[in-house]
**Student:** 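Just dropping this structure here.
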Amino acid sequence: MSLALHVNVDHVATLRQARGTRYPDPVEAAIACERAGADGITVHLREDRRHVQERDVRVLKEVVRGTYNLEMAASDDGLAIALAVRPDHVTLVPERREERTTEGGLDAAGQRVALARVIDPLRAAGIRVSLFIAPDDAQIDAAVALGAEQIELHTGDYADAAGAHRREALAALRRGAARAKDAGLRVAAGHGLTVANVVDVAAIAAVEELNIGHAIIADAVIMGIADAVRSMRDAMDRGRATK
Ligand code: PXP
């Protein structure tokens, strides 16, 4: 089975918002990611709008050629935006304003009523719904009961762990992916994945999609900085040459 790469471009927007400039533009980054072989683009429209803005969500819908995956909390506000923009996938994630990133999976088992209020209209609109959950039997079973077509397994525990704990976290991902696939769910995974730790997750046959953001944007900064310095040096030299 093939394994899709969806690049999360949130942190291009983080850099833009840090200065209130128009650049760097996550839309431009999304185009470059797809040209380089990404199968889709993911953004997380957080309730506090700390990085991605509603404008980005709308413009990306026009620009993304592969799969467009919008991550959001299961809120009325998010639902209205998703129904207006109509991304291919909506991934429902838990959200707390004070967290630095999405720290845990959704409690699909404990919040069935609140989730169904959002899942049902999204499904009726033809949008695939994915639930971002820990690789936990109760959560996987709740995703099935709620009628979600996909889950995204939270790989944060695996990514943060070392030694025996990491091996256990990887085994839990393998078991969760197999259980979900057997139950008829499409299985994605993501969070905290890097070039170093992605290999073992990519080896899990039941996983069909990875959502990766921070590490790719971080690598892009380091890999691109020499070209950026040369470009600035060149512009300065051109200025001096006209003197
Ligand atoms: N998947 C989900 C559901 C997320 O919330 C995030 C972070 O926004 C990611 C994947 C990507 O995580 P990272 O930026 O650590 O690659």
Side-chain angles (χ1 to χ4, degrees), residues 3-15 17 26 29-30 33 38-53 56-57 60 67-75 78 82 87-108 115 118-119 122 127-136 139-140 143 148-161 169 173 176-177 180 185-202 204 207-221:
L3 179 59
L5 170 59
H6 291 180
V7 179
N8 178 317
V9 293
D10 288 354
H11 296 304
V12 177
T14 300
L15 207 52
Q17 298 309 112
C33 290
D39 303 287
I41 298 298
T42 297
V43 285
H44 183 175
L45 185 65
R46 295 189 72 100
E47 285 175 339
D48 64 8
R49 305 292 192 262
R50 71 174 71 153
H51 39 52
V52 169
Q53 306 296 305
D56 302 326
V57 171
L60 282 167
T67 304
Y68 180 25
N69 174 29
L70 175 63
E71 295 176 358
M72 58 179 223
S75 64
D88 300 298
H89 296 183
V90 164
T91 302
L92 296 176
V93 301
E95 215 175 274
R96 286 192 304 278
R97 271 171 196 264
E98 63 279 11
E99 70 190 359
R100 256 190 298 179
T101 180
T102 315
E103 280 161 9
L106 264 182
D107 182 12
L115 289 171
V118 175
I119 292 171
L122 289 172
I127 298 168
R128 178 184 284 168
V129 178
S130 181
L131 303 185
F132 186 49
I133 57 173
D136 175 277
Q139 300 299 344
I140 294 166
E149 292 146 293
Q150 176 170 312
I151 56 164
E152 179 173 339
L153 292 175
H154 197 314
T155 50
D157 262 1
Y158 157 79
D160 291 342
L173 289 169
L185 294 169
R186 185 170 185 274
V187 184
H191 205 278
L193 296 177
T194 66
V195 168
N197 68 24
V198 77
V199 178
D200 286 334
V201 176
I204 303 174
V207 173
E208 293 184 53
E209 168 194 315
L210 296 179
N211 285 286
I212 307 180
H214 188 261
I216 291 177
I217 305 307
D219 283 348
V221 170

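When a ligand or atom number is given, it counts from 1 through the structure's own listing order. Being a predicted model, the structure only gives us computed values, none of them experimental.
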**Student:** Under a 4.5 Å cut-off applied to non-hydrogen side-chain atoms, are Arg46 and His51 in contact?
**Tutor:** yes
**Student:** Counting only nitrogen or oxygen atoms and a 3.5 angstrom limit, does Glu152 reach ligand 1?
**Tutor:** yes
**Student:** Below 4.0 angstrom from a heavy atom of Ile212, which ligand 1 atoms are there? Numbered from 1 as shown, please.
**Tutor:** 16 (O)
**Student:** Show me, pair by pair, the donor-acceptor contacts under 3.5 angstrom made by side chains of residues 210-218, not counting sequence neighbours?
**Tutor:**
| unit_1 | atom_1 | unit_2 | atom_2 | d |
| --- | --- | --- | --- | --- |
| Asn211 | OD1 | Thr42 | OG1 | 2.6 |
| Asn211 | OD1 | Asn69 | ND2 | 3.4 |
| Asn211 | ND2 | Glu152 | OE1 | 3.1 |
| Asn211 | ND2 | Glu209 | OE2 | 2.9 |

**Student:** Under a 4.0 angstrom heavy-atom cut-off, which atoms of ligand 1 come close to His191?
**Tutor:** 6 (C), 7 (C), 10 (C), 12 (O), 15 (O)
**Student:** Does an N or O from His214, backbone or side chain, lie closer than 3.5 Å to an N or O of ligand 1?
**Tutor:** yes
**Student:** May I ask you to list the atoms of ligand 1 that are less than 4.0 angstrom from any heavy atom of Phe132?
**Tutor:** 2 (C), 3 (C)
**Student:** State whether the side chain of Asp10 and the backbone N or O of His44 hold a donor-acceptor pair below 3.5 Å, judged by distance alone.
**Tutor:** yes
**Student:** Counting heavy atoms only, which of Ala188, Gly213, Gly192, Ala218 is nearest atom 15 (O) of ligand 1?
**Tutor:** Gly192
**Student:** Taking the side chain as every heavy atom from C-beta outward, state whether Ile119 and Leu131 have any pair of such atoms under 4.5 Å apart.
**Tutor:** yes
**Student:** Tell me, with the steps shown, if Arg186 and Glu208 meet salt bridge (Lys or Arg N to Asp or Glu O under 4.0 Å).
**Tutor:** CA-CA 7 Å; Arg186 185 170 185 274; Glu208 293 184 53; 3.5 Å; yes
**Student:** Is Glu71 close to ligand 1, meaning an N/O of one under 3.5 Å from an N/O of the other?
**Tutor:** yes
**Student:** At a non-hydrogen distance cut-off of under 4.0 Å, which region of Val93 contacts ligand 1 (side chain, backbone, both, or neither)?
**Tutor:** side chain
**Student:** Check the orientation of His89 and His6. Use parallel for under 30°, tilted for 30 to 60°, and perpendicular for over 60°.
**Tutor:** tilted
**Student:** Report yes or no: does Ser75 contribute a side-chain atom to a donor-acceptor pair with the main-chain N or O of Gly78 at less than 3.5 Å?
**Tutor:** yes
**Student:** Going by the order shown, which atoms of ligand 1 are within less than 4.0 Å of some heavy atom of Asn8?
**Tutor:** 8 (O)
